[in-house]
Amino acid sequence: PPLTGPAARPGPPGPAWAPPAGTVAAPELEQVSVAGVILLSIVTFGIYGLVKFHQTGKAYEALAGRASAFSRDFWLFVGLGIAGVLLHVPPLAIPLGIASFVFQVLTLNEALALRAQAVRRTGIRPQLTSEGTHRGLLIAGVLLAWVLVGVVLLLVQAARWFSDWNAIVAAVSPATATGQGSRSPPP
């Protein structure tokens with residue numbers, strides 16, 4: 001059957017990046033304002049950044065053409081973190097915090113794997129921050145979050161994550177990324 005919606009739109013030259021039937025739908029790709037995401041994340045105590053991170057992870061999942069453990073790991077990370085904060089009882093809060101951290105790292109690892117597969121599948125070659133740098137900034141930032149330097153490291157990691165997202169969007173859909181039009185074919 002013919003494809004409709006975002007999956008029917010032409011992609012870059014090379015392998016098509018529309019997901020196969022039975023997988024997640026192709027996303028609408030839009031660049032984000034890195035400064036805006038950082039500022040809104042600060043104002044909302046990280047909630048806005050988490051929402052945008054989840055959106056990019058799901059878009060990478062669609063570009064990779066496969067379902068993954070990303071959402072499960074993401075929601076376990078968020079849920080365990082919230083439970084740890086709300087319980088404030090050391091015998092419970094500490095293990096919940098550690099479990100949340102483990103799922104946060106698993107979420108990032110899954111998102112990075114999806115990103116790598118999406119890049120391979122679309123045949124693009126944008127300049128991206130290395131996976132090791134993302135992991136290092138996240139782990140150091142979380143472990144040092146109780147001092148200001150940890151928060152700064154987490155903000156740097158977020159800025160790099162969304163800058164990488166913008167580079168991928170620009171490479172996949174140059175006309176949309178530069179504001180010169182959409183990826184939709186003319187009527």
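Fair warning: this is a prediction, and the values are worked out from it, not measured in the lab. Side-chain atoms are counted along with the backbone in the values below, which use heavy atoms only and exclude waters and symmetry mates.
- Side chains of Leu63 and Leu29 form a contact here, defined as non-hydrogen atoms less than 4.5 Å apart.
- Looking at heavy atoms from C-beta onward, Leu155 lies in side-chain contact with Ile42 at the 4.5 angstrom threshold.
- Looking at Asn166, its side chain never comes within 3.5 Å of a backbone N or O of Gln31 through a donor-acceptor pair.
- Under the 3.5 Å distance criterion, with hydrogens and angles disregarded, a donor-acceptor pair is assigned to the side chains of Lys52 and Gln55.
- Not a single donor-acceptor pair under 3.5 Å links the side chain of Thr133 to the backbone N or O of Thr129.
- Residues Thr56 and Arg115 form no side-chain contact, since every pair of their non-hydrogen atoms from C-beta on lies 4.5 Å or further apart.
- Looking only at distances, a side-chain donor or acceptor of Thr107 sits under 3.5 Å from a matching main-chain atom of Asp73.
- The side-chain hydrogen bond (donor to acceptor under 3.5 Å, both in side chains) test with Asn109 singles out one residue from His134, Arg135, Glu131, and that residue is Arg135.
- A salt bridge is defined here as a Lys NZ or Arg NE, NH1 or NH2 lying under 4.0 Å from an Asp or Glu carboxylate O, and Arg66 with Glu110 meets this definition.
- In this structure, Arg160 and Leu137 have side chains that are in contact, with non-hydrogen atoms separated by less than 4.5 Å.
- Screening Phe70, Tyr48, Trp165 for a ring-ring contact (aromatic ring centres under 6.0 Å, His included) involving Phe53 leaves a single residue, Phe70.
- Ring geometry for Tyr60 against Trp161 counts as perpendicular: the plane angle is over 60°, on a 0 to 90° scale with 30° as the lower cut.
- The CZ atom of Phe74 sits 11.0 Å away from atom NZ of Lys58, with the distance rounded to the nearest 0.5 Å.
- Judged purely by atom type and a 3.5 angstrom limit, Ser41 uses its side chain to pair as donor or acceptor with the backbone of Gly49.
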